[in-house]
Protein chains: 2
Amino acid sequence: MEDLLKEKGYKITPARLAILNVFAKSKLPLTAEDICKELKKDKNNRGINEATVYRTLTSFVEDHILKRVDFRKESAYFELTDEHHHHITCIKCETVEDFESKDVEKALGGVVRNSSRFISIQDHSLELFGFCKKCS
Amino acid sequence: MEDLLKEKGYKITPARLAILNVFAKSKLPLTAEDICKELKKDKNNRGINEATVYRTLTSFVEDHILKRVDFRKESAYFELTDEHHHHITCIKCETVEDFESKDVEKALGGVVRNSSRFISIQDHSLELFGFCKKCS
DNA sequence: GTAGTTGCAAAAGTTTTGCACGTAC
DNA sequence: GTACGTGCAAAACTTTTGCAACTAC
């Protein structure tokens, strides 16, 4: 965790470690508000300021420690970039399941080769929306 | 355009027609603000109220006339659902190119069959981010 | 005529920013 | 010691809502 920060040239601060820990413990993408709430639960700090959370999220995304996830909601969701996977969200109950698919990744690789104006893909967002077995 | 509205049970109003026209003319996904600005240019109306634009966007998405697009920006982008395609956005200059790929769609079809908890996919978001030839 | 639609203004929610103080290195 | 990081408060920006007036049908 500390190594990750050093590697990117960040100073090691309690706020950054705490935020990374929240993500490390969470199985789901989180909003800034989710993180603030989670940080308030910890008695060691009295919560880390909202502004710090937003600033940290923004710079972590720039440095590819976090990535944004599109849940078609008002607020922005984030998760660690360390594992590459996507999500299927139930339209009804909002259950989220992770998935990864070699076939999808392979097919995406073909897209740039067919593009006349683009030369490389750095990253992609992929979110599926459907019904889980309980809600179907 | 009017037929589309009738089909979904909407009353035909100037605001709805104007908003649909803005989308029909645009090659790119638009934010609520983009639409308000575009509507103000037309001398026939003095602009349609912001609240109406938001209300219209929300209901059009519910009725699948529009869909949300994830550009990892603060505000929400929308486009007509009539064509199914995705976007590649240049990380540097923000050029957007549309693409579609049978291979990707086919691969996505396989995902739900491998899922233990999901039974059907209704919709998906897919956005690629990379470098265009000019910016690479 | 009536249900549905709109404008306006106010509010709610999300994110950013300036500045003074604090801390990692 | 210095450059970077944080807290606080204010502001900016995006979206939603209540209500009265209006309009499509």
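Not measured: the values here are computed from a predicted model. Chain letters run A, B, ... following the sequence lines, proteins first and then strands; every chain starts at 1.
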Using atom NZ of K73(B) as one end and atom C1' of dT14(C) as the other, report the distance to the nearest whole Å.
17 Å

N49(A) side chain N/O closer than 4.0 Å to the phosphate oxygens (OP1, OP2) of dC8(D)?
yes

For DNA chain D, whose closest nucleotide is more 5', that of Y10(A) or that of F78(B)?
Y10(A)

Below the 4.0 Å mark, does dT6(D) have OP1 or OP2 next to a side-chain nitrogen or oxygen of T13(A)?
yes

Checking contacts here: which listed nucleotide (dA24(C), dT14(C), dT6(C)) is nearest the side-chain heavy atoms of P14(A)?
dA24(C)

Spacing between E50(A) atom CD and dG18(C) atom P, to the nearest angstrom
17 Å

If you assign R16(B) and A51(B) each to the DNA chain C nucleotide with the nearest heavy atom, which residue ends up on the more 5' nucleotide?
R16(B)

A side-chain contact here means heavy atoms from C-beta on lying under 4.5 Å apart; do V112(A) and L128(B) qualify?
no

Could you check how far CZ of R72(A) sits from C1' of dT14(D), rounded to whole Å?
19 Å

DNA chain C nearest-nucleotide lookup for T52(B) and K11(B): closer to the 5′ end is K11(B)

Output yes when at least one side-chain N/O atom of S75(B) is less than 4.0 Å from OP1 or OP2 of dT15(D), else no.
no

Strictly below 4.0 Å: does Y54(A) bring a side-chain N or O up to OP1 or OP2 of dT16(C)?
no

Ion pair E127(A)/R68(B), N-O distance below 4.0 Å
no

Expressed in angstrom and rounded to an integer, what is the separation of E74(B) atom CD from dT16(C) atom C1'?
10 Å

Would a 4.5 Å heavy-atom cut-off, applied to side chains only, mark L17(A) and L5(A) as touching?
yes

Quick note, I48(B) side chain, CB onward, closest among dC8(D), dG7(C), dT14(C) is dG7(C)

Look at the side chain of R55(B) against the base of dG4(C) and say whether a donor-acceptor pair falls under 3.5 Å; ignore hydrogens and angles.
no

Taking NZ, NE, NH1 and NH2 as the nitrogens, is one of them in E105(B) or K102(B) under 4.0 Å from a carboxylate oxygen of the other?
no

